[in-house]
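If you read the sequence from its start, that first residue is 1, and numbering goes on from there. Excluded from the calculations below are hydrogen atoms, water molecules and symmetry mates; all remaining heavy atoms, backbone and side chain alike, are included.
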Amino acid sequence: MLVRCGLCNVKRWYQPDDLMKIFGDIEPDLVGSKMRCERCGKNEFMHAETQSPSALERQGIRVRRLAEIRTVRRVVWRDEQ
């Protein structure tokens, strides 16, 4: 799956099963809106599309693979009187 930032024109390829582990079973159109560009930090301009590249194009593609998922715990306090 190709994910592209429309603002800074970064293109990255991902395995669909890796994205499914993160976002669940959602439509490919919605994947782009849930991701944030690593270069500019914006998510408004992200677009995802499913493509089937030819064998020649596949040779030059670098696919990003999911290494790990980290869960961050945040503490939320409330004031009582």
Next on the checklist: Filter on side-chain hydrogen bond (donor to acceptor under 3.5 Å, both in side chains), then keep only pairs touching residues 32-48, sequence neighbours left out; what's left?
Outcome noted: E38-R64
Item to check | Minimum heavy-atom distance between G32 and M46, given as atom pair plus value | outcome: O-CB, 2.9 Å
Next on the checklist: Testing the basics here: between I61 and E57, what is the closest heavy-atom pair and its distance to 0.1 Å?
Outcome noted: CG1-O, 3.2 Å
Checklist outcome for this item: Applying salt bridge (charged side-chain N to carboxylate O under 4.0 Å, His left out) to R65 and not counting sequence neighbours gives D18
Item to check | salt bridge (charged side-chain N to carboxylate O under 4.0 Å, His left out) against R78, all qualifying residues, sequence neighbours excluded | outcome: E80
Checklist entry - Can any side-chain N or O of R4 pair as donor or acceptor with the backbone N or O of V10 at less than 3.5 Å? => result no
Among residues at least two apart in sequence or on other chains, which ones pass side chain to side chain donor-acceptor pair (under 3.5 Å) with [X]?
X	answer
E68	R70
R73	none
Q59	none

Next on the checklist: Run the side-chain contact (heavy atoms from CB on, under 4.5 Å) test against I22 and tell me which residues pass, sequence neighbours left out.
Outcome noted: L66, I69
Checklist entry - How does the hydrophobic cluster around L7 look, that is, which other residues are in it when side-chain heavy atoms under 4.5 Å mark a link? => result F45
Checklist entry - Should side-chain heavy atoms under 4.5 Å link Ile, Leu, Val, Met, Phe, Trp and Tyr, which residues sit in the same cluster as L56? => result none
Next on the checklist: Any heavy-atom pair between the side chains of W13 and R58 that's under 4.5 Å?
Outcome noted: no
Item to check | Sub-4.5 Å side-chain heavy-atom contact between Y14 and V3 | outcome: yes
Distance-only check: which donor-acceptor pairs under 3.5 Å involve side-chain atoms of residues 23-31, not counting sequence neighbours?
none

Checklist entry - Are L19 and L2 joined in one hydrophobic group, where the rule is that I, L, V, M, F, W and Y side chains link up if heavy atoms are under 4.5 Å apart? => result no
